[in-house]
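Step one of this worksheet: look at the structure below.
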Amino acid sequence: MPAQANAEVSEAKARLLASNLKIRFGEIFKDASARPSLAFCAVQNGRELSNLCSPRAGSDFSVSTPLPIGKNSWPLLTLMAACMENSGALKLERKAESISSILRFQNAAMSPPLKDLLAMRAGISAGADAIFPADGTPQDVFDIIYQSAPFAKSARIYEYSKLSLSVAGYLCACAQNRSSISIDFLEEFKRCMREYVFVKLGMENALFLDDPAFRRIAKDSKNGFRAALIPSDGIALSIEDASKWLMLETSGGLTPEGVRIADAITLSERYAPAGKNVSDKRALGFTQERVGKGRVAISTSSGYGATSMVAVFPEAKFAIFIMLDDEGADARRLCKETLEDCAQMLESSVR
């Protein structure tokens, strides 16, 4: 039996975890006047056990303040796809080119399913991301994918690609809209994310990074932000939103009202490595790691002025989210040490 399968976390233990996090936060960021804003939540079996919010001195940061989650938009994208599949709007195994006539690959032998685009195993090189223009459009995403040669003969080899994720998001929008000729790809993608995830989960503070609230990010030419690549890394959440997201992850696809919006097996498949190479730990939105004696599906991000981490312990149906408005090494260290604390707490909670 998995080490954490029977780990039952009490609210008291979860609060202690949050308390220890705050102590560690003070130890790492010793200058109280310069400490970043911090938010944290812990969830098990679809129920929030604890949360923490510590605002930066002089700021109005709260549990409802959204921060950019960067690369952690990836597991939200795959969650949206899972919810759409559950509703019958799309199939993850459907050939991507059959969803939209606009998508074409130079190599006719390459005809990946939507799932491979979401897993970044469709042969799209990270080098293609580097040539994507700052003012590029969603149509440019399709064009550059066609112009770029695949990086490997095998489409099952992982390579990080914002283009792969973005085109997957746009194909989801095409599947929902049932058209790929006259739609506004970005707006349709955002509508799908709102409809299938934000609204159904009550994530009222969730935003996209082209929102006026994040104008500073859009204007910074050095941070790599591209509006057309929003499906890959352009979502902002508050800790309230993150908690509602994790309630679904730890309940097997059920909302707090008991309504199923995602298939439990499809959700769990997002935690397991998708590649044939057993040394490759990357899954559909998460990287699978062993921390302590247990297994954890983790996604981390540092960029756009923030650091965040989402970690799901599948056997224990337990998950945490941590975010800071700081993208330095100390913020990443805090995330890493909090993950280790969680693993120890779960091991000590096995019945």
Side-chain angles (χ1 to χ4, degrees), residues 69 71-105 111-124 136-146 155 160-201 203 206-210 226-235 237 245 248-249 253 260-263 265-267 269-270 274 283-286 299:
I69 63 168
K71 290 183 178 180
N72 292 333
S73 302
W74 179 22
L76 265 182
L77 173 61
T78 62
L79 175 61
M80 181 191 80
C83 291
M84 292 182 71
E85 183 171 62
N86 185 72
S87 74
L90 61 75
K91 291 187 180 297
L92 293 173
E93 296 293 346
R94 183 177 172 183
K95 293 296 184 182
E97 288 176 289
S98 73
I99 299 174
S100 170
S101 60
I102 296 177
L103 178 65
R104 287 290 179 267
F105 291 91
S111 184
L114 176 61
K115 187 175 183 178
D116 280 359
L117 287 167
L118 287 166
M120 293 185 281
R121 297 175 188 278
I124 300 174
T137 67
Q139 179 64 55
D140 292 329
V141 172
F142 290 89
D143 292 345
I144 290 177
I145 286 175
Y146 177 75
Y160 181 77
S161 168
K162 291 183 179 182
L163 284 173
S164 185
L165 295 181
S166 296
V167 79
Y170 294 143
L171 290 176
C172 289
C174 290
Q176 171 71 1
N177 188 277
R178 301 189 184 280
S179 170
S180 60
I181 303 300
S182 60
I183 71 170
D184 182 324
F185 287 105
L186 181 55
E187 289 306 313
E188 282 297 307
F189 162 74
K190 292 192 288 186
R191 189 180 68 79
C192 283
M193 182 63 75
R194 292 188 187 104
E195 178 181 345
Y196 286 95
V197 180
F198 296 168
V199 172
K200 289 187 177 181
L201 296 182
M203 298 165 66
L207 294 172
F208 299 97
L209 295 189
D210 60 351
R226 303 288 185 266
L229 304 182
I230 276 177
S232 69
D233 70 347
I235 294 174
L237 300 182
W245 167 18
L248 187 79
E249 296 281 1
R260 179 166 298 286
I261 66 169
D263 178 72
I265 294 177
T266 304
L267 284 185
E269 286 177 345
R270 292 163 51 248
L284 270 170
F286 295 90
S299 178

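Residues satisfying the ring pair (Phe, Tyr, Trp, His ring centres under 6.0 Å) criterion with Y170, sequence neighbours excluded, are F185. Every residue meeting the side-chain hydrogen bond (donor to acceptor under 3.5 Å, both in side chains) condition with D263, not counting sequence neighbours, appears here in chain and number order: T266. F286 meets the ring pair (Phe, Tyr, Trp, His ring centres under 6.0 Å) test with Y271; sequence neighbours excluded. Residues meeting the side-chain contact (heavy atoms from CB on, under 4.5 Å) test with K190, sequence neighbours left out: L186, E187, R194, F208, D210. By the side-chain hydrogen bond (donor to acceptor under 3.5 Å, both in side chains) test, E269 pairs with no residue at all, sequence neighbours left out. Annotation: side-chain contact (heavy atoms from CB on, under 4.5 Å) contacts of A206 (sequence neighbours excluded): F198, M203, L237, D241. Looking at residues two or more places apart in sequence or on another chain, you find a side-chain hydrogen bond (donor to acceptor under 3.5 Å, both in side chains) between W245 and E249.
Proximity of I102 to D143: side-chain heavy atoms (C-beta onward) are nowhere separated by under 4.5 Å. Looking only at side-chain heavy atoms (C-beta outward), V167 and F142 come within less than 4.5 Å of each other.
Scanning both residues, C172 and A81, for their nearest heavy atoms gives SG-CB, 4.2 Å. Of all heavy-atom pairs between L163 and I145, the closest is O-CD1, 4.0 Å. Between A173 and C192, the shortest heavy-atom contact is CA-SG, 3.9 Å. Closest approach of M120 and S164 over heavy atoms only: CA-OG, 3.8 Å.
Rounding to the nearest 0.5 angstrom, the gap separating the CE atom in M80 from the OG atom in S73 is 11.5 Å. Atom CG of L117 and atom CG of L77 lie 10.5 Å apart (nearest 0.5 Å). Considering CD1 of I124 and CD1 of I144, their distance stands at 11.0 Å, rounded to 0.5 Å. Between L165 atom CG and Y160 atom OH the span is 6.0 Å, to the nearest 0.5 Å. Here the OG atom belonging to S100 is positioned 6.0 Å from the CG atom belonging to L171, to the nearest 0.5 angstrom. Here the CD1-CG distance, from I99 to L114, works out to 4.5 Å after rounding to the nearest 0.5 Å.
Counting only residues at least two apart or on different chains, the side-chain hydrogen bond (donor to acceptor under 3.5 Å, both in side chains) pairs with a member in residues 76-96 are T78-R270, R94-S98.
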When the side chains of residues 228-235 are checked against the rest of the protein, which donor-acceptor pairs come out under 3.5 Å, sequence neighbours left out?
residue : atom : partner : partner atom : Å
S232    : OG   : L229    : O            : 2.7
D233    : OD2  : K162    : NZ           : 3.0
D233    : OD2  : Y304    : OH           : 2.7

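Counting only distance, with no hydrogens or angles, the side chain of W74 and the backbone of A119 share no donor-acceptor pair below 3.5 Å.
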